[in-house]
Undergrad: 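Take this structure, written in structure tokens, and hold onto it; I'll ask about it next.
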Amino acid sequence: MIELRGISKSYKVAQRRSSSIGSALKSLVRREYTSIQALSDISFRISPGEIVGYIGPNGAGKSTTIKIMSGILVPDSGSCSILGFTPWQDRKAYVRHIGVVFGQRTQLWWDVPVIDSFDLLRDIYRVPAKMYRDNLELLVDKLALGDLIHTPVRQLSLGQRMRCEIAASLLHSPDILFLDEPTIGLDAVSKVAVRDFIRMINRERGVTVILTTHDMSDIEALADRIIMIGKGRLLLEGKLAELRSRFGSHKTIVLDYRPAADPSHSASPSSQASSSRLTHASPFQLDHLALPHTEVVEWSQERAVLRVDTNRVKIADVISLVSTQVELLDITVESQPIEEIIVDLYKEYQLS
Ligand SMILES: Nc1ncnc2c1ncn2[C@@H]1O[C@H](COP(=O)(O)OP(=O)(O)OP(=O)(O)O)[C@@H](O)[C@H]1O
């Protein structure tokens, strides 16, 4: 359905003038340009009905890719086939099949009520009257637009405007929705509303969604798969669960306990060494346990938070070591947050 092969794109930018009068005069006569390589040899496929998170640090080339896929930009080389169209060549026919939301820009007319922009979009896309009425009703209902559609865009809050932007992008029933940072700047309630809506149109209408965001909770909530780029190159792609099991090597364990009445059942030499301290006069000392491949994030006489490298030690072994010294009351094991995994990956690829 979507296939990019070897897409590269560079931008030509005018070189900044130096402060000397001579070179300033020279640049008036002949402007000098440098080239910024925004994308290098990007290839991937997306199947119908997928929600794909397209992620990467600032300047990675995400927006450039979205602009190429939506037909706004022409790449220097490579091919892009979406629903059988080449976006920048068949633009007029192609745009009827896609919806695009750029979180930082608006497609709505600033000074007129939202509904006027919607009506204009209906005419531009030649949306049949019944389809328009049905879509408008559904979008107003699901995105809780109510009276907002009769309000001029400039009077809307960011969250209200974003909901209207998303509605605007779907009035013509597109098959594919490109969302470039759709939750940027939204409060928690608006974020959840936008995410729920994206999930709903994906499930109920089979809309394929390509989502760029820096908010990993968007990715966790929505994406079936991620494609990660950095410095214009494709770095990895895969399901979130695969990414977690491949790269998420740490787990956090929270242990609630009270000092054991009789710690003499201790099994390990290190814990035997510390068992004599388990009296009221000499409280439990977690740091004396020398837990292998485990970072003690914090600990007290009642609770310890440990970060365990699960590639090198079993969680069960760490728990049983601690339990030789204390009476465990509760254990919580948390996976490494996806945010942390991504930050580690950016570091590994030297992107940050
Ligand atoms: N119109 C432009 N003219 C010149 N350079 C540009 C232009 N647009 C983007 N670039 C450069 O191309 C590279 C990729 O930019 P792009 O906006 O695609 O990245 P991004 O991944 O969307 O970044 P961000 O997460 O910060 O929005 C960057 O180095 C950027 O400075």
Side-chain angles (χ1 to χ4, degrees), residues 2 4-17 27 31-44 46 51-80 82 87-88 91 98-107 158 161-162 165-166 169 176-186 191 194 198 209-223 225-238 243 338-352:
I2 297 181
L4 272 70
R5 270 208 242 155
I7 291 281
S8 295
K9 172 73 189 171
S10 58
Y11 292 102
K12 212 165 126 186
V13 285
Q15 242 171 0
R16 285 178 59 193
R17 287 177 191 171
S27 71
R31 285 214 106 168
E32 284 173 11
Y33 292 92
T34 49
S35 173
I36 294 174
Q37 193 65 37
L39 295 176
S40 308
D41 196 22
I42 296 286
S43 303
F44 58 76
I46 294 172
I51 302 186
V52 171
Y54 194 55
I55 62 168
N58 289 135
K62 303 178 296 295
S63 298
T64 303
T65 318
I66 300 286
K67 285 177 189 161
I68 289 172
M69 289 197 287
S70 49
I72 299 170
L73 276 182
V74 182
D76 302 337
S77 56
S79 67
C80 172
I82 303 182
W88 57 93
R91 191 159 155 70
I98 62 163
V100 187
V101 176
F102 285 104
Q104 318 238 33
R105 245 172 282 155
T106 181
Q107 59 189 315
L158 184 59
R161 181 172 68 74
M162 193 53 68
E165 298 279 352
I166 292 173
S169 71
I176 302 173
L177 185 59
F178 295 107
L179 298 169
D180 196 356
E181 305 204 35
T183 60
I184 194 163
L186 301 193
K191 266 188 196 184
V194 166
I198 295 169
V209 181
I210 292 92
L211 167 77
T212 84
T213 179
H214 291 291
D215 185 335
M216 289 308 139
S217 50
D218 280 350
I219 295 289
E220 266 196 309
L222 292 170
R225 189 159 69 93
I226 64 152
I227 297 178
M228 185 169 136
I229 61 165
K231 293 183 183 160
R233 296 193 175 277
L234 193 124
L235 301 178
L236 57 94
E237 57 178 305
L243 195 79
I338 193 74
E339 189 98 43
E340 236 178 61
I341 298 175
I342 298 294
V343 168
D344 286 351
L345 279 169
Y346 286 174
K347 278 192 196 139
E348 194 179 316
Y349 288 112
Q350 299 182 338
L351 300 174
S352 56

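For ligands, and for the atoms within them, numbers begin at 1 and follow the listed sequence.
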Undergrad: Indicate the atoms forming the closest heavy-atom contact of Ser79 with Ile7, along with that distance.
TA: O-CD1, 3.5 Å

Undergrad: Hey, does Thr64 have a side-chain heavy atom less than 4.5 Å from the side chain of Tyr11?
TA: yes

Undergrad: Side chains of Tyr54 and Ile46, heavy atoms from C-beta outward: is any pair under 4.5 Å?
TA: no

Undergrad: Taking any residue with a non-hydrogen atom under 4.0 angstrom from an atom of ligand 1, which ones do you get?
TA: Tyr11, Val13, Ile36, Ala38, Pro57, Asn58, Gly59, Ala60, Gly61, Lys62, Ser63, Thr64, Glu181, His214

Undergrad: Side-chain contact test, heavy atoms from C-beta onward, threshold under 4.5 Å: evaluate it for Ile219 versus Ile338 and give yes or no.
TA: no

Undergrad: Compute whether any side-chain donor of one residue and acceptor of the other, for Thr106 and Glu165, lie under 3.5 angstrom apart.
TA: yes

Undergrad: Who passes ring pair (Phe, Tyr, Trp, His ring centres under 6.0 Å) against Phe102, sequence neighbours left out?
TA: none

